[in-house]
Amino acid sequence: MAKNLVIVESPAKAKTIEKILGSDYDVRSCFGHIRDLEKDAMGIDINNNFKPKYIVPEDKEKVVKELKKLAKDTQEVWLATDEDREGEAISWHLCEVLGLDPYSTKRIVFHEITKPAIERAVLKPRLVNMDLVHAQQARRILDRIVGFELSPVLWRKMSMRNSLSAGRVQSVAVRLIVEREREINHFKSVSTFKVEAYFTAKDINGKSVTFKAEGPSRFKSVEDAEKFLQQCVGASYSVRDIQVKPARKTPAAPFTTSTLQQEASRKLGYSVSKTMLLAQKLYESGQITYMRTDSVNLSETAMTDLKAAIVNNYGDKYYQERKFKNKNESAQEAHEAIRPTYATNQSVDDADTRKLYELIWKRTLASQMSDAELEKTTAKIAISTSPEELTANGEVMKFDGFLKLYLEGRDEEDVADEDDEQEGSLPLLAIKQQLDLREMRATERFSRPAPRYTEASLVKKLEELGIGRPSTYAPTITTVQKRGYVEKRDKEGIKRTFRILTLKNDQIKQVEDQENTGAEKSKLFPTDLGMIVTDFLNQYFNSVMDYNFTARIEGEFDEIANGKKVWNNMLQDFYSPFHKDVENTLENAERVKGERQLGVDEATGKPIVARMGRYGPMIQIGKVEDEEKPRFAKLKQTQSIETITLDEAMELFRLPRNLGQFEDQDVTVNIGRFGPYAQHDKQFYSLKKEMDPYTVELDEIAPLIAEKRTAKNERTIKVFEKEKIQVLKGPYGPYLKVGLKNYKLPKEKLEHPEALTVEECKAIIEEAKANPPKKKAPPRKKKAE
DNA sequence: CAGTGAGCGAGCTTCCGCTTGACTT
């Protein structure tokens, strides 16, 4: 039995630290929080100064039991949880549960897992900081109150569905997405004309080179653009001025959780949860430091190693020591930045994991490398027939520096223009040099709304607002999707024509071209439910929904942590007005139906409404109390109650069509995921190409049914258990079909499949399950671009 | 590859933040 028990949060950390501290220390992990508020009720005695009722959750009982035993048999317990609010609270909970005195038990902290840092920490133990613990407790209780008082309000006031939820973080995340969607829906695109001129000039070697210059301001109308081109007819062009300026680029800071998620999304297309899963693997296998962090700091030893690696591989010129500071005030910096454990590039087996590792490795090294040095050239080109002038920009890299390894990706919203290409180099030009115009073009461009959020850009926004923590970004995004407030999907673009005016050989021509616009991939869209719930919460609980709410209360938690505020008082100040809002809403708010009147059906005069049904957004024509029953239709995924038009709604009523009965069963026609189909007696029938689902008639469907039946009869050898198990004849021989799964018959049964018994079939299925088939076929090759 | 859809009421749901496996396919 070791003399000392050290408790940390993460088991991977425990292993490393145990190696460093040696055999006198038994280093164990508590796996994060070991107690939480009681789950079945509020878990807070609000009238008794917000006294919390903590319990050990079931899945933590085992860990707690083991730690209790170890703590009893050891001389000294060291609490080495993370140095942040949550870590401090975990230490206090450990005291409570393990029967340790928080006023004498040793509390140690370190920000990096290196021998000197840990040895230093052991020499300087302190006590649990109760102010910090109280700040955490206030945070926890406030979140519970908000979540467990708001959610039931939704259950009462929303007429649609169960298991709705609201919370300080998730509801604001949904609000961001809802507001962005409406911004996009209300966006009015305006077009401008951008002028580009292509010149040829002789460079130093007498070689003819083409380069591009941009026009003066953008023109607001096609007439203005044409006027300008007209002016240029017969003009000559000469270089008026050349400016050469040095420029520098600086590397980005090492990764935090949020920047890693953003960059892996931009460069590798990973979802935030995929990034975290792979990072966890790298952390557990000792390849990277802890992956849930908000710090951009690198440890001293890491800095030394990075320097050596950069100097060895690229030379002195490429090294530049840098210390980054966190821009984010809400950062708690209990860990280092995410960096590779070893400065030399390690090999990682799995391809996806390796890509993430390389990203981390490159970003970390680049952060300690020199600036890239550029030379930017701007040439002004005069037009003999106009006071306007054209500008040509060129960029030449003089020294690559950190760009040798890494360049940070850019978000869509930061890219101002869609045709923002890399600037090339310009030929060496002389002032007054005459230039030959090959072609001048004025192209119509349209302004674009802000793009919809991706998972990663939402994380970025939440972090900027100080909402959520590194450990919760990925789960929050999962939650809002699971609750049905938000959907991740692609959007097809629409074709748009744009005009191009060209001036060539002193002739002006206008042509039209087409572009695909508005296509988006893996973006977050609010659902109707998300919009309705957000509107409701905004109306009745605007203080909690305020984007600055978290930042404000974080300030108060800081005051509690500094001993300037008492936690119960802070909670009381929050609770009184909040609870009043809850009561007021329960009493006065109407049940929300999420209904929108679309108009009336011209043919029948019946009203048409779009609303939330029990199964999601729908449209309804006619009323329940009408003599003729109302008809209903489900909205398509891409439609929403807020934006659907009357015409679109009427279109939805055209299908499904009921064609009448065939053999006492209805025949209906609809369009499904795989195209138009008919349905009869629980069977589906694909329509033939020449059949139109809107006009096809019953007699045309009947042959399909007959055809399928004979095909089935011909193929069926034997059937067991009400068609659950079928023996069928396939093109490669007889096989067994159970539900959607097919099973091969063993060789000795192939000759007489009709002799199979139920028992034999079941044995074949069991056998197949016990010995799963060999690996799946290799993944399909990506389509060539 | 579906359609379902009243209103009532019983009985249910829910938060954020800290950590990983134990599950099944």
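Throughout, a chain's letter reflects where its sequence line sits, starting with A, and its residues are numbered from 1.
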Novice: Between the side chains of Thr289(A) and Glu336(A), is a donor N or O closer than 3.5 angstrom to an acceptor N or O?
Specialist: no

Novice: With no hydrogens and no angle check, just 3.5 Å: does a side-chain donor-acceptor pair link Thr257(A) and Arg469(A)?
Specialist: no

Novice: Are any of the side-chain nitrogens in Arg168(A) or Asp143(A) under 4.0 Å away from the carboxylate oxygens of its partner?
Specialist: yes

Novice: Indicate whether OP1 or OP2 belonging to dG17(B) is found under 4.0 Å from a side-chain N or O atom of Arg35(A).
Specialist: no

Novice: Is any side-chain nitrogen or oxygen of Ser10(A) closer than 4.0 Å to OP1 or OP2 of dT20(B)?
Specialist: yes

Novice: Report yes if a donor N or O on one partner sits less than 3.5 Å from an acceptor N or O on the other, where the partners are the side chain of Arg140(A) and the base of dC15(B); otherwise report no.
Specialist: yes

Novice: Whole angstroms only, please: what is the NZ-C1' distance between Lys482(A) and dC16(B)?
Specialist: 14 Å

Novice: Quick one: Arg85(A) CZ to dC16(B) P, roughly how many Å, whole number?
Specialist: 14 Å

Novice: Select base, sugar-phosphate, or nothing to describe what Arg469(A) touches, counting heavy atoms under 4.0 Å on all strands.
Specialist: sugar-phosphate

Novice: For Thr472(A), which contact category applies under a 4.0 Å heavy-atom criterion: base, sugar-phosphate, or nothing?
Specialist: base

Novice: In whole Å, what is the span from the CG atom of Asp84(A) to the P atom of dC16(B)?
Specialist: 18 Å

Novice: Looking at every strand, decide which applies to Gly468(A) at a 4.0 Å heavy-atom threshold: base, sugar-phosphate, or nothing.
Specialist: sugar-phosphate

Novice: Between Lys60(A) (NZ) and dG21(B) (C1'), how many Å, whole number?
Specialist: 11 Å

Novice: Look at the side chain of Ser686(A) and decide which nucleotide, out of dT14(B), dC15(B), dC1(B), has an atom nearest to it.
Specialist: dC1(B)

Novice: Mind checking if Ala166(A) touches a base, just sugar-phosphate, or nothing, with heavy atoms under 4.0 Å?
Specialist: sugar-phosphate

Novice: Without decimals, in angstroms, what is the distance between Lys62(A) NZ and dG21(B) P?
Specialist: 11 Å

Novice: Looking for any heavy atom pair under 4.0 Å, which part of the strands does Gly167(A) touch: base, sugar-phosphate only, or nothing?
Specialist: sugar-phosphate

Novice: Would you mind classifying the nucleic acid contact of Gln620(A) as base, sugar-phosphate or nothing, using non-hydrogen atoms under 4.0 angstrom?
Specialist: nothing

Novice: Rounding to an integer number of Å, can you tell me how far Leu150(A) CG sits from dT13(B) P?
Specialist: 18 Å

Novice: Which whole-number value in Å describes the distance from Leu154(A) CG to dT14(B) C1'?
Specialist: 9 Å

Novice: Counting heavy atoms from C-beta on, name the nucleotide in dG17(B), dC1(B), dT20(B) closest to the side chain of Phe684(A).
Specialist: dC1(B)

Novice: Ignoring hydrogens and angles, answer whether the base of dC16(B) and the side-chain atoms of Arg139(A) contain a donor-acceptor pair closer than 3.5 Å.
Specialist: yes

Novice: Taking only N and O in the side chain of Arg483(A), is any of them less than 4.0 Å away from OP1 or OP2 of dT14(B)?
Specialist: yes

Novice: Would you classify Asn670(A) as touching base, sugar-phosphate or nothing, given that sugar-phosphate means primed atoms plus P, OP1 and OP2, and contacts are heavy atoms under 4.0 Å?
Specialist: sugar-phosphate

Novice: Under 4.0 Å, heavy atoms only, any strand: does Tyr290(A) hit a base, just the sugar-phosphate, or nothing?
Specialist: sugar-phosphate

Novice: Classify the ring geometry between His680(A) and Tyr685(A) as parallel (under 30°), tilted (30 to 60°) or perpendicular (over 60°).
Specialist: tilted

Novice: Pick base, sugar-phosphate or nothing for Val169(A), based on heavy-atom distances below 4.0 Å to the nucleic acid.
Specialist: sugar-phosphate

Novice: On DNA chain B, nearest-nucleotide positions of Arg292(A) versus Arg168(A): which is more 5'?
Specialist: Arg168(A)

Novice: Check whether the side chains of His579(A) and Glu149(A) place a donor and an acceptor atom closer than 3.5 Å, and report yes or no.
Specialist: yes

Novice: Name the nucleic acid region contacted by Pro11(A), choosing base, sugar-phosphate or nothing; use a 4.0 angstrom heavy-atom cut-off, strictly under.
Specialist: sugar-phosphate

Novice: In terms of side-chain geometry, is the basic nitrogen of Lys688(A) or Glu700(A) positioned less than 4.0 Å from the acidic oxygen of its partner?
Specialist: no

Novice: Which part of the nucleic acid, if any, lies within reach of Gly616(A) when heavy atoms closer than 4.0 Å are counted: base, sugar-phosphate only, or nothing?
Specialist: base

Novice: Identify whether any heavy atom of Gln170(A) sits under 4.0 Å from a base atom; if not, whether one sits that close to sugar-phosphate; answer base, sugar-phosphate or nothing.
Specialist: sugar-phosphate

Novice: Taking 4.0 Å as the cut-off, does a side-chain nitrogen or oxygen of Ser471(A) come that near to OP1 or OP2 on dG17(B)?
Specialist: no

Novice: Which listed nucleotide (dT20(B), dC15(B), dG5(B)) is nearest to the side chain of Met618(A)?
Specialist: dG5(B)

Novice: From C-beta outward on Ser163(A), which listed nucleotide comes closest to its side chain: dG17(B), dT14(B), dT20(B)?
Specialist: dT14(B)

Novice: Would you say Gln280(A) reaches dT20(B)'s phosphate, i.e. side-chain N/O to OP1/OP2 under 4.0 Å?
Specialist: yes

Novice: With the stacking rule set at 5.5 Å and 30°, tell me whether Trp155(A) counts as stacking on dT14(B).
Specialist: no

Novice: Please compare Phe31(A) and Asp40(A) by the position of their nearest nucleotide in DNA chain B and report the one closer to 5'.
Specialist: Asp40(A)

Novice: Decide, yes or no, whether a salt bridge links Lys39(A) with Glu58(A) under the criterion of side-chain N to carboxylate O below 4.0 Å.
Specialist: no

Novice: Please state how far atom CD in Glu88(A) lies from atom P in dG17(B), giving the value in whole angstrom units.
Specialist: 18 Å

Novice: Do the ring planes of Phe536(A) and Tyr540(A) sit parallel (below 30°), tilted (30 to 60°) or perpendicular (above 60°)?
Specialist: tilted

Novice: What's Ser151(A) touching, base or sugar-phosphate or nothing? Going by heavy atoms closer than 4.0 Å.
Specialist: base

Novice: Checking all strands, does Tyr473(A) fall into the base, sugar-phosphate, or nothing category for heavy-atom contacts under 4.0 angstrom?
Specialist: nothing

